[in-house]
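Worksheet: the structure to be examined is printed underneath.
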Amino acid sequence: MRQYDHKKIEKKWQKIWEDKGIYKTQETDSPKCYVLDMFPYPSGEGLHVGHPKGYIATDIYSRFKKMNGYNILHPMGWDAFGLPAENFAIKNKIHPEVSVSKNIKRFKEQLSILGFSYDWNREINTTDPKYYKWTQWIFLQMFKKGLAYQSYEPINWCPNCKTGLANEDLDGAKCERCDTVVEKKPLRQWVLKITEYADRMLEDLDELNWPESIKESQRNWIGRSEGSEIDFEIEGIDKKIKVFTTRADTLFGATYCVLAPEHKLLDELKDNIKNWEEVEGYKKEVEQKTEIERTKEEREKTGVKLEGIFAVNPANKEKIPVFVADYVLGHYGTGAVMAVPAHDQRDFEFAKKFGLPIIEVIKGGDISKEAFVGDGILVNSGEFNGMDNKKAKKAITEYVGGKITVKYKLQDWVFSRQRYWGEPIPIVHCSDCGAVAVPEEDLPVELPKVQSYEPTGTGESPLAGIKDWVNTKCPKCGKDAKRETNTMPQWAGSCWYYLRYEDPKNDNALVDKQKEKYWSPVDVYVGGAEHATRHLIYARFWHKFLYDIGVVSYKEPFLRLQHVGLINAEDGRKMSKRWGNVINPDDIVKTYGADTLRVYEMFMGPFDQGVSWSTKSIIGARRFLEKVWKLSFKVKKDNKKNESLQALLHKTIKKVSEDIESFDFNTAISQLMILANQMEKEEFVGKDDFKTFILLLSPFAPHIADELWEMQGLSGLVYEQKWPEYDQSLIKEQSINFVIQVNGKVRDVIKTNPDISEREALELAQKSEKVKKWIEKKGIKKIIFVKGRLINIIV
RNA sequence: GCCGGGGUGGCGGAAUUGGCAGACGCGGCGGCCUUAGAAGCCGUUAUGGGCAACCAUGUGGAGGUUCAAGUCCUCUCCCCGGCACCA
């Protein structure tokens, strides 16, 4: 008997697959299936065993779908812009392009030994000018539609990276990349109007086959709330405070107003505020704090009263004081609130601290202890007394001439970075024409070669120092002008890459319309949960924009989303060089084989759940494959069938098919093991049955599958075979274990046919010695009979 | 604090959605084979009691619904992920 030599077998088949080009995507009319991995950032560290988990799953799924007659698009590429490559370049004085292509080569090698069915003809790389030409093109379309604008608002500034960071790039109060505490600094930025799409992104979530948790966090992230905008006159001054509130029903209980420290009105009221110095000091103090610090101070509210300023409550014309306090945020709502201490906990705490009146206007709570935020009937509200508070929201808003509006937590997306290694923003600044789009025929605006990648530290990109690149002519008037030196964030390239796979080499369009119509949308998208609210929101936003301008024909990019649970190191920590706990897939493949690694990673536990790596457990997967290997030597050469195996075989076809479809790979493998164990016990294995077994195993362990296929004298490649079908009539067991309970406790289990009737079951039960002793001398009170399962005798 | 997902043997995890709890695998124990080991094979492995057949207990905890609860309901404790003064 030949030994199972994974090294030989895996090399052999990988070469055959490549030579025959069987994974090349076909242009056919058959139904399509687009299976996509979140493409990796090719870091210098290479892959650890956790990385391929998702890729193994998509590979299994693709192979399964292909064998079920689908035309498959299963591509891979590289998200290669970003800070690590740039930092590496700064340190080692090597152009990022060089290290990136080296890393890609390494990643590709590591992936290739795992036997994936990627169509490498469609490989893309976000840093390839032919690719980012279209990233820039999309930006230009947004610019033309007024969705990209410049803004000088203060942004998060990392003094170490010397770059601006979006809120999303922060980790607590620190820079996500380098752990330095960030500051605030006003910088000119490009911003994308993602807020314009907030409502649509929220609505269309309902149609997606995504995990509920992701949909929920996107809803939170978008943070839609309906409320009212109401004006408060300032006494004696011709100015108004516009507040946003979701509780217009409590307007009669508003006993003061609060402005955010960033609120513009403060400066406008400078001359009227008697304690301006104090107010200004407070503003400065708040500026020092990051938003994170500010929002962390849950206990103690701070603020300063604006002396000499009074607002007028439009409901009851009461004169109320105005404060500046940092618990009100400048960028949310109108940056100003009406405070109702009786019915908002934050206002309640503030009012207690500053000794402000607390007036109950909704009945139902005990406002001496805490704010009552529930629903109820209005009191102390003039003509609205007795009204239901939900009704009162609209009624009171109208009464004071306010308007019903909608606000979002979602903020516009700061889209520029003061960095070298990113897509240049295709804009030219002209002193006469302002910001002018680079003509589309001049795209891509390529990154120039530079001497130093160091950030300038002034907030400008290293590109600013390259005079012959920066200096150009205005595309509009031809006058001397300067190029935009900001680059795009890493998210940019990943916002639309899935479209490029559909038509990766097209120089005339982002994607051909026919091809887009055929392949879109992505049927299954697999990746880590950490991208729930960033990548997935940005990509949806871009996609909807592309839909609006007619580039794509579907509203949503990703129909179904599957999470991959991370694999941690054996010690439970993240696998990282830093902890020295990294397991390299190359080593595992060398010792056990790619097929073993694939089977093991899918068998470890539920696919979307995190697990710790266990090198000692991997032996189980290897033993399983060895067992299958040995089984092949007891296969009958003629077509004799082993009848006693049929029920289990067909049950296995059913279970494995269903489990792959639902990404329950662990139970699919377990079922294959059960079948293999049974086959081992049998006298012999029929050739057809073993053939079926190979087919079922092949998505998980494609190399050994092809080898066994060949050993059985079967022709062709397993990938090109048809997926087996099950026969429902065969699945039905001839005999089942029928449970007999007395008073709900199992007293006997008998083998019988599944169609046994209640009367027959009762007779059998009464015959059983084990049951007899529990029911004799007691009257039977009740019988519960569940067909094909159990009988429960109550005595 | 809010939202989402969890808590089952020594370990990873199963459980046809209310019907034999612990499938499958790892590890352990005993045995076969071997000069010996490795590999492999066979048996065993939730806990307590018993020589045994068997009996009792058992899915984080406390109640409840039901003939029947890991699964449904109420309360509660713990773990993981996300969001967080959002007016």
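Lettering follows sequence order; numbering is per chain, from 1.
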How would you list, by chain and number, every residue that makes a side-chain contact (heavy atoms from CB on, under 4.5 Å) with A:Lys7, sequence neighbours excluded?
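A:Lys7 satisfies side-chain contact (heavy atoms from CB on, under 4.5 Å) with A:Asp5, A:Lys590 once adjacent residues are dropped.
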Got a sec, which residues hit side-chain contact (heavy atoms from CB on, under 4.5 Å) with A:Ala371, two or more places apart in sequence or on another chain?
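If we apply the side-chain contact (heavy atoms from CB on, under 4.5 Å) test to A:Ala371, skipping adjacent residues, the hits are A:Gln345, A:Phe348.
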Could you give the distance separating [M] and [N] at their [atom1] atoms, to the nearest angstrom?
{"N": "B:rC26", "M": "B:rU44", "atom1": "P", "result": "16 Å"}
{"N": "B:rC24", "M": "B:rG30", "atom1": "C1'", "result": "23 Å"}
{"N": "B:rG9", "M": "B:rG4", "atom1": "P", "result": "27 Å"}
{"N": "B:rG12", "M": "B:rG27", "atom1": "P", "result": "15 Å"}
{"N": "B:rG70", "M": "B:rU59", "atom1": "P", "result": "7 Å"}
{"N": "B:rG63", "M": "B:rU71", "atom1": "P", "result": "14 Å"}
{"N": "B:rA21", "M": "B:rA68", "atom1": "P", "result": "14 Å"}
{"N": "B:rU16", "M": "B:rG7", "atom1": "P", "result": "13 Å"}

So what does [X] touch, heavy atoms closer than 4.0 Å: a base, only the sugar-phosphate, or nothing?
{"X": "A:Asp608", "result": "nothing"}
{"X": "A:Glu212", "result": "nothing"}
{"X": "A:Asp344", "result": "nothing"}
{"X": "A:Ser670", "result": "base"}
{"X": "A:Ile784", "result": "base"}
{"X": "A:Asp347", "result": "nothing"}

Is the base of B:rG12 syn or anti, if syn means a glycosidic angle within 90° of 0?
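This nucleotide is in anti.
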Syn or anti conformation of B:rU8, syn meaning chi within 90° of 0
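Here B:rU8 takes the anti form, which means its glycosidic angle is more than 90° from 0.
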Nucleotide [N], atom [atom2] - distance to [atom1] of [X] in whole Å:
{"X": "A:Asp664", "N": "B:rG13", "atom1": "CG", "atom2": "C1'", "result": "13 Å"}
{"X": "A:Tyr408", "N": "B:rA87", "atom1": "OH", "atom2": "P", "result": "13 Å"}
{"X": "A:Asn666", "N": "B:rG13", "atom1": "CG", "atom2": "C1'", "result": "7 Å"}
{"X": "A:Gln741", "N": "B:rA69", "atom1": "CD", "atom2": "C1'", "result": "12 Å"}
{"X": "A:Arg598", "N": "B:rG25", "atom1": "CZ", "atom2": "P", "result": "21 Å"}
{"X": "A:Ile214", "N": "B:rC80", "atom1": "CD1", "atom2": "P", "result": "19 Å"}
{"X": "A:Ile567", "N": "B:rG81", "atom1": "CD1", "atom2": "P", "result": "17 Å"}

Report all interatomic pairs (protein N or O, nucleotide N or O of nucleotides 52-55 of chain B) with separations under 3.5 Å.
none

Determine yes or no for a side-chain-to-main-chain donor-acceptor pair under 3.5 angstrom, with [X] supplying the side chain and [Y] the backbone.
{"X": "A:Lys215", "Y": "A:Leu205", "result": "yes"}
{"X": "A:Asp659", "Y": "A:Phe665", "result": "no"}
{"X": "A:Lys787", "Y": "A:Asp755", "result": "no"}
{"X": "A:Glu760", "Y": "A:Ser757", "result": "yes"}

OP1 or OP2 of B:rG25 less than 4.0 angstrom from a side-chain nitrogen or oxygen of A:Asn677, does that happen here?
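Looking at the OP1 and OP2 atoms of B:rG25, one of them is under 4.0 Å from a side-chain N or O of A:Asn677.
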Residues which pass side-chain hydrogen bond (donor to acceptor under 3.5 Å, both in side chains) with A:Tyr332, listed by chain and number, not counting sequence neighbours:
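For A:Tyr332, the residues satisfying side-chain hydrogen bond (donor to acceptor under 3.5 Å, both in side chains) (neighbours in sequence not counted) are A:Ser225.
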Which residue pairs pass the salt bridge (charged side-chain N to carboxylate O under 4.0 Å, His left out) test when at least one of the two sits in residues 337-347 of chain A, sequence neighbours left out?
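Of all non-adjacent pairs touching residues 337-347 of chain A, those that pass salt bridge (charged side-chain N to carboxylate O under 4.0 Å, His left out) are A:Asp344-A:Arg346.
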Strictly by salt bridge (charged side-chain N to carboxylate O under 4.0 Å, His left out), give each pair with a member in residues 661-673 of chain A just once, sequence neighbours left out.
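Found A:Lys65-A:Glu661, A:Arg560-A:Glu661.
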Name the residue closer to the 5' end of RNA chain B, choosing between A:Ser614 and A:Gly335 according to the nucleotide with the nearest heavy atom.
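Upstream on the strand: A:Ser614.
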Can you work out whether A:Leu790 or A:Lys655 has the more 5'-proximal nearest nucleotide on RNA chain B?
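The residue whose closest nucleotide sits nearer the 5' end is A:Lys655.
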For this output row, return yes or no: ring centroids of A:Tyr256 and A:Phe323 closer than 6.0 angstrom.
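Yes, ring centres under 6.0 Å apart.
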Proximity of A:Trp221 and A:Tyr408 rings by center, below 6.0 Å:
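Aromatic pair excluded; centres sit 6.0 Å or further apart.
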So if I take every side-chain heavy atom of [X] and compare against [options], which nucleotide ends up nearest?
{"X": "A:Pro606", "options": "B:rA14, B:rG19, B:rC20", "result": "B:rA14"}
{"X": "A:Lys745", "options": "B:rU57, B:rC86, B:rC3", "result": "B:rU57"}
{"X": "A:Met673", "options": "B:rG82, B:rC24, B:rC83", "result": "B:rC24"}
{"X": "A:Val786", "options": "B:rA87, B:rC83, B:rG19", "result": "B:rG19"}

Partner residues of A:Lys403 under the salt bridge (charged side-chain N to carboxylate O under 4.0 Å, His left out) criterion, sequence neighbours left out
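Result, salt bridge (charged side-chain N to carboxylate O under 4.0 Å, His left out) vs A:Lys403: A:Glu229.
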Which one is paired to [N], where only Watson-Crick or G-U wobble pairs with both distances under 3.5 angstrom count?
{"N": "B:rA14", "answer": "none"}
{"N": "B:rA56", "answer": "B:rU47"}
{"N": "B:rC2", "answer": "B:rG82"}

Filtered N/O pairs between nucleotides 40-49 of chain B and protein, under 3.5 Å:
{"unit_1": "B:rG40", "atom_1": "OP1", "unit_2": "A:Arg623", "atom_2": "NE", "d": "3.2"}

Has the side chain of A:Asn792 got a donor or acceptor atom sitting under 3.5 Å from an opposite partner on the base of B:rC67?
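Such a pair exists between side chain and base.
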Donor-acceptor pair (no angle test) under 3.5 Å: A:Lys301 side chain, B:rC85 base:
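Such a pair is found, so the answer is yes.
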Nucleotides 71-74 of chain B: which of its N/O atoms have a protein N/O under 3.5 Å away?
none

Residues in ring-ring contact (aromatic ring centres under 6.0 Å, His included) with A:Phe372, at least two apart?
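Per chain and number, A:Phe372 pairs via ring-ring contact (aromatic ring centres under 6.0 Å, His included) with no residue.
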Please list, chain by chain and in numerical order, all residues satisfying ring-ring contact (aromatic ring centres under 6.0 Å, His included) with A:Phe693, sequence neighbours excluded.
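Expected list: none.
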Within 45° of the six-membered ring axis of [Y] and under 6.0 Å from that ring's centre, is NZ or CZ of [X] located there?
{"X": "A:Lys407", "Y": "A:Phe244", "value": "yes"}
{"X": "A:Lys53", "Y": "A:Phe607", "value": "yes"}
{"X": "A:Lys301", "Y": "A:Phe350", "value": "no"}

Please determine whether a side-chain nitrogen of the Lys or Arg among A:Lys630 and A:Glu626 lies less than 4.0 Å from a carboxylate oxygen of the Asp or Glu.
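Here A:Lys630 does not pair with A:Glu626 in a salt bridge, since their nearest N and O are not under 4.0 Å apart.
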Every protein N/O lying under 3.5 Å from an N/O of nucleotides 9-12 of chain B:
{"unit_1": "B:rG12", "atom_1": "O2'", "unit_2": "A:Met604", "atom_2": "O", "d": "2.5"}

